[in-house]
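Below is one structure; the comments refer to it alone.
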Amino acid sequence: MATTEAEVERVRELVASIPRGAVVTYGDIAAAAGLSTPRTVGWIMRTDSADLPWHRVIGASGRPAAHLASKQLARLAEEGVRIHDGRVDLRSARHDLMHSDAVPPDR
DNA sequence: CGAATGACCGTTC
DNA sequence: GGAACGGCCATTC
């Protein structure tokens, strides 16, 4: 399989390292984890999201998946994330993965 | 192996 | 800001 445990671990670390009141986009995670496409991130979330704060992971549209949207927004709002009429305020809630402790493989 | 599916992204109209 | 199209990648049947 292409996706190795290391890649999955990388994504998990990043997601788990997201501070309370902050969110990240799939594309950012994929880039920070060294993955090729955000699709892989979505796959990981779907398969192994039990131990991860998946509610802090949203799409680039500032809006999570339809099935989770309601819960995500409610939980994020509880953490102090700025919600803009059902949309997450990426402008200030977007967490900088590259500036976090979790450092990508090649950097 | 080929086709279909999916927690996506970027560009364009 | 929103809808439509294409692309990219991994999984499953």
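Sequence lines set the chain letters: A, B, ... in the order given, protein chains first and strands last, and positions in each chain run from 1.
- Counting only distance, with no hydrogens or angles, the side chain of A/Ser49 and the backbone of A/Leu52 share no donor-acceptor pair below 3.5 Å.
- Along DNA chain B, the nucleotide nearest A/Thr40 and the nucleotide nearest A/Asp28 are compared for position; the residue whose nucleotide lies closer to the 5' end is A/Thr40.
- Distance A/Leu68 CG to B/dA7 C1': 6 Å, rounded to the nearest Å.
- Side-chain proximity of A/Trp43 to the nucleotides C/dG2, C/dA10, B/dG6 is greatest for C/dA10.
- Separating the CE atom of A/Met45 from the P atom of B/dC9 is a distance of 12 Å, rounded to the nearest angstrom.
- Put simply, the side chain of A/Leu76 reaches to within 4.5 Å of the side chain of A/Arg56, judged on heavy atoms.
- Note on A/Ser49: a base of the nucleic acid sits closer than 4.0 angstrom, heavy atoms only.
- Taking side-chain N and O atoms only, A/Arg63 has no distance below 4.0 Å to OP1 or OP2 of C/dG2.
- Residues A/Asp89 and A/Val81 are not in side-chain contact: their nearest non-hydrogen atoms beyond the backbone lie 4.5 Å or more apart.
- The distance between atom NZ of A/Lys71 and atom P of B/dA7, rounded to the nearest whole Å, is 14 Å.
- Of the options A/Gln72, A/Arg63, A/Arg94, a side-chain contact (heavy atoms from CB on, under 4.5 Å) to A/Ile58 is made by A/Gln72 and by none of the others.
- Closest to the side chain of A/Ala60, out of B/dA7, C/dC9, B/dC9, is B/dC9.
- Going from atom OH of A/Tyr26 over to atom P of B/dC9 covers 8 Å, rounded to whole Å.
- Neither OP1 nor OP2 of C/dG7 sits under 4.0 Å from any side-chain N or O of A/Thr37.
- Of the listed residues (A/Ile44, A/Ile29, A/Val24), just one forms a side-chain contact (heavy atoms from CB on, under 4.5 Å) with A/Val15, and that residue is A/Ile29.
- Between A/Pro38 and A/Thr47, the residue whose closest nucleotide on DNA chain C is further toward the 5' end is A/Pro38.
- One atom, CZ of A/Arg12, and another, P of B/dA7, lie 19 Å apart when rounded to the nearest Å.
- For the pair A/Glu7 CD and C/dT11 P, the interatomic distance rounds to 12 Å; values are reported in whole Å.
- Between A/Ile44 atom CD1 and C/dT11 atom P there is a gap of 9 Å when expressed in whole angstrom units.
- For the pair A/Leu76 CG and B/dA7 C1', the computed distance is 14 Å after rounding to whole Å.
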